[in-house]
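Structure first, then comments.
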Amino acid sequence: MPVITIAQSKGGAGKTTLALALASEFEALGGSVYMLDADRQNSLLNWHRDRLAAGRGGDSKIQVEDASQLRDADIGAAVRVVHEGCRKV
């Protein structure tokens, strides 16, 4: 299973937009997507919650988890845990 990391310290660089576009396209091709939102604004997480609250995406294969409280040094370990868990499915 591929792991794609989109990272940039500059705000407004299009990270969230790119992540959503890639996730939506991968899901449309039949894939499952697990996203960690490490941004303190939680834009991905809010998008996901708003989508579910509006009655869309209930059968979606896109999952978004809040990783905004993790220290930068811990993000890699979180990605490895998710990656290992997905391999078992």
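The model shown is predicted, which means the values in this text are computed figures rather than measured ones.
Summarising the geometry, atom OG belonging to S43 is positioned 9.0 Å from atom NZ belonging to K15; distances are rounded to the nearest 0.5 Å. Put simply, CD on Q69 and CG on N42 are 8.0 Å apart, with the number rounded to the nearest 0.5 Å.
L70 and I4 are assigned to two separate hydrophobic clusters, defined by single-linkage of ILVMFWY side chains at heavy-atom distances under 4.5 Å.
Listed by chain and number, the residues in a salt bridge (charged side-chain N to carboxylate O under 4.0 Å, His left out) with R56 amount to none (sequence neighbours excluded). With sequence neighbours excluded, the residues forming a side-chain hydrogen bond (donor to acceptor under 3.5 Å, both in side chains) with D66 are S68, listed by chain and number.
Residue E27 comes nearest to R51 through the heavy atom pair OE1-NH2, 4.3 Å, listed as atom of the first residue, atom of the second, then distance.
Listed by chain and number, the hydrophobic cluster partners of W47 are L20, F26, V33, M35, L44, L45, I62, V64, where partners are ILVMFWY side chains within reach of under 4.5 Å, directly or through others.
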Criterion side-chain contact (heavy atoms from CB on, under 4.5 Å) on I6 and L22, from CA distance to verdict: CA-CA 10 Å; I6 301 168; L22 290 172; 4.0 Å; yes

